[in-house]
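Encoded as structure tokens, the structure appears first; notes follow it.
The structure presented is a predicted model; accordingly, all values stated were derived computationally and were not measured. Throughout, residue positions are numbered sequentially from 1 according to the sequence presented. Heavy-atom basis, side chains included; hydrogens, waters and symmetry copies ignored.
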Amino acid sequence: ISFCFSLFIVFLVVCWSVPLKSIEVELEVKDHVATVVSTLNYQNQEDKPLEAVFVFPLPGDAAVCHFSAKIGQTQIVAEVKEKQQAREDYDDALSSGQQAFLLEESEQSPDIFTLSVGSLPPGESASIRLEYITELAVQADDGLRFSLPAVLNPRYKPQAATVQVTSVPASQIPYSLSFSARVSSPRPVSKVESNCSLDPLQYLNKEQTQATVKLAGGHKFDRDVELLIYYKDAHQPTAVVEAGQASAKPGSLMGDPVVMLSLYPEFPESAMSSLSSCGEFVFLMDRSGSMGCSTSHSKPEETRIGSARDTLLLLLKSLPMGCYFNVYSFGSSYQHIFPKSVEYSDQTLEEAVKKVEEMTADLGGTEILQPLKHIYNQPCIPKQPRQLFVFTDGEVSNTKEVINLVKKNSGSHRCFSFGIGEGASSALINGLAKKGRGHAQFITGADRMQTKVMQSLRFALQPAVVDISIKWDLPKQVSATVLSPPITTLFQGQRSLVYAQLTGKSSEGAQGSVTVNYKLAGQPSKTQLHFSLKPAEDTGLTVHRLGARVLIRSLEMEEREDRGEKGEAVKEKVVELSVKSGVSSSFTAFIAVNKSDGKPIEGPLIHRNVPTPSKCFLNQLIQSSDCITHSFIYNNKNKDKSSYQDPDQQDPFLQLVSLQKASGCWLLDPALAAALGKTSEELDQSKPASVGCLWATILALIWLHASKTDSKGEWELLSLKAVSWLRTQNAPCVECVDAANTLLGCKVQRDVLGL
């Protein structure tokens, strides 16, 4: 009954006239910084004045810096005020018959915003303009990732939350989306890819440093709009100095110049090739109901939990001998395979793999806080650095509380996070990695989870960069005040951003430099960047606002750590900085009131929630019902589809991976023969005398090198472990390699294998 009632209520909302008619998005990317302008067009087609409330996602690290409304020919630009004051101004305006517009960030998660459009008279139209700035993250293949969150999944609420979201299937969204992008960089634009259909890329100059692209018509709101932008020679450190605001006070953040440094440290090859053979690897797997949703619209049969389970299997098989590990899973409650982390061996690996293969999306809601607390309460193992891997679709409402816990424990571990599927919270996934000194990855659409996760495992196995410090070399009359938190981690090929306020006057042509000193594998090293202090042209206040956003986020976390008198002082500082910079915060809101001399709007005000597309609509309905219904549906739905696979239909690659032993070898048995597409008799007849496991392991290696060259990043660690095992056998491999090539019809050379 509860399930049917939820279904009825949601579809009733859709049947009402929805005031939001269209969304127009214009994206401008300059190098790695994106400015996004969204225009939301409303129209009241009812016979009474109404208030429309729209809860929607934005990137968690976005700096929202402009909000305005246009009613007829009247343009109203919002101002930033303390949040409670803004709410009171909004309510006062509505009660007096005025039009008002309120934009506020969720107090639980910085990637959720609520837009309230108040007192829209019958037949009236309004256009809302929203602008934000964000940096684009560097991907494993050097692309820059921009994501326009079009999907807002229902957030699991472990306790009462203030944000209420109305979600419907993507096919029933009653408003349209148009999207265009302009890309420019000092370096040529190689290509732009997307998970959505795009019109052809149009270059604007012969150097190909400027280009435009548009989203093809008919977007269905069934996924976030993702762009991957590729430049030639992408890993170039840069510095952008931006002049202060002429009307702002010298010596203030907005009045002084601000510099944005983009650093790409390059580490010695010798350090990168030395992988650690120790560590405590803790895997935390989301098994909430929403993990039963499909990962990709193009492969509805492939579930998030199924992909995560296969990836976890690959991770477990890739761990080095000598390490320790444990696997946790969570939903409304949490479970662990072992009471505490255990040494990696054939026995413990086999036990873990069996438990992982049984995992389904059957644990209810998404309560990640308690398992994290349990993990952090476990004593660390001496000389085994703790590495935490978190897999989740990121649907929680207490994001800030979770990130705060990770930050408190950042000295004892590194956290690598993975956002699975459309609508994963960027604030949660990026926040876990940033505060946990790790690395974040998002897996959407047709992305292979295994490729991205194995890159993070490589990061975890590489020597940690320690003792990181920054040294500034500036003219005597100029000083730098760093706005960014201290750099706590550096990874090969990954960008580090530093924002700093520059106080004092410099002469024309003055230069500055910054040096990042650190230790890698015990060896001192440094990265240096020289830059001009001359302000760049045509940047507006982009760098200032990004710098203000970084400082605001740091202060907000400081306030959460101290709720006393000191916390109140920090909160006041955030409000002041937010108001002066025009950048949103959790303590402020944008408020616009139409104070023109028009006739007051009369009559009862009708409240309308604008529905948001949900990728996993069924799950939202289930979460509205009781836990018994929730568990029953997912247990029956997923066990058939994602928990059991006929061995004859299993991916041969995963089948082969599942057969590798902890030491790195394979056994010569019928299962291996089946994975290689051969019979046991064929393997036995071709086998050189008395080589057993040696023969089986070389067969597996040659099959991987011959059949899976395009996905080498996924099995390279498996291969290295197998080669290490072969070397310990002190047995000749020449005959085995030749026989294996003949049997499998391959031509893989011994040096390619690393033998």
Side-chain angles (χ1 to χ4, degrees), residues 139-140 145 147 151 153 195 222-224 226 283-318 327-331 352-363 366 368 389-395 416-425 428-429 432 439-457 615-616 618-619 634-635 637-647 649-658 708 710-711 713-715 717-718:
Q139 301 302 288
R145 178 181 182 266
S147 180
V151 175
N153 287 326
N195 61 335
D222 57 349
R223 72 203 89 155
D224 296 343
E226 184 178 273
F283 303 100
L284 182 57
M285 173 75 76
D286 189 343
R287 286 174 57 190
S288 62
S290 54
M291 288 289 287
C293 300
S294 62
T295 304
S296 165
H297 70 284
S298 60
K299 296 181 180 178
E301 74 284 352
E302 196 174 277
T303 62
R304 297 175 185 176
I305 188 69
S307 295
R309 196 173 47 230
D310 290 344
T311 303
L312 183 52
L313 168 68
L314 183 60
L315 276 169
L316 290 173
K317 293 289 184 174
S318 301
V327 179
Y328 288 74
S329 57
F330 69 96
V353 167
K354 284 182 179 177
K355 294 286 181 64
V356 168
E357 287 174 343
E358 296 170 356
M359 287 183 176
T360 56
D362 60 354
L363 290 185
T366 313
I368 193 174
F389 286 69
V390 180
F391 298 84
T392 179
D393 53 16
E395 299 173 11
F416 298 85
S417 55
F418 306 91
I420 304 169
E422 310 292 346
S425 168
L428 177 67
I429 304 305
L432 288 172
H439 187 253
Q441 300 268 23
F442 289 85
I443 299 100
T444 60
D447 289 346
R448 276 187 65 80
M449 189 184 301
Q450 289 90 338
T451 304
K452 294 191 172 185
V453 172
M454 294 311 293
Q455 183 202 31
S456 292
L457 179 58
K615 176 70 176 173
C616 195
L618 175 62
N619 177 62
Y634 271 99
N635 277 330
K637 174 185 172 186
N638 291 328
K639 280 187 177 176
D640 291 337
K641 286 192 174 182
S642 60
S643 177
Y644 173 77
Q645 269 191 302
D646 188 316
Q649 297 178 353
Q650 190 176 358
D651 180 351
F653 170 64
L654 293 174
Q655 196 175 351
L656 186 69
V657 167
S658 69
K708 292 292 177 182
D710 58 341
S711 55
E714 298 180 20
W715 52 264
L717 293 175
L718 295 173

Fill in: Aromatic plane relationship, Phe416 with Phe389 - under 30° parallel, 30 to 60° tilted, over 60° perpendicular
parallel
Discussion item. Is the shortest side-chain heavy-atom distance between Phe330 and Thr366 below 4.5 Å?
Written reply: yes
Item to complete: State, yes or no, whether a side-chain contact exists between Ile420 and Phe391 at a heavy-atom distance under 4.5 Å.
Response: yes
Nearest 0.5 Å please: distance from the [atom1] atom of [X] over to the [atom2] atom of [Y].
X      : Y      : atom1 : atom2 : result
Leu315 : Asp310 : CG    : CG    : 11.5 Å
Gln455 : Gln139 : CD    : CD    : 8.5 Å
Phe418 : Ser307 : CZ    : OG    : 13.5 Å
Ile368 : Leu428 : CD1   : CG    : 6.0 Å
Thr392 : Ile429 : OG1   : CD1   : 5.5 Å
Asp651 : Ser658 : CG    : OG    : 10.0 Å

Worksheet item: In terms of side-chain heavy atoms, does Glu226 have a donor or acceptor partner in Ser147 at a distance below 3.5 Å?
Response: no
Item to complete: Evaluate the criterion side chain to side chain contact (heavy atoms under 4.5 Å, CB included) for residue pair Met454 and Ser318; output intermediate values, then yes/no.
Response: CA-CA 9 Å; Met454 294 311 293; Ser318 301; 3.3 Å; yes
Item to complete: Walk me through it: do Leu316 and Val327 pass the test side chain to side chain contact (heavy atoms under 4.5 Å, CB included)?
Response: CA-CA 10 Å; Leu316 290 173; Val327 179; 4.2 Å; yes
Discussion item. For Met359 versus Ser329, what's the shortest heavy-atom pair and its separation?
Written reply: CE-CB, 4.1 Å
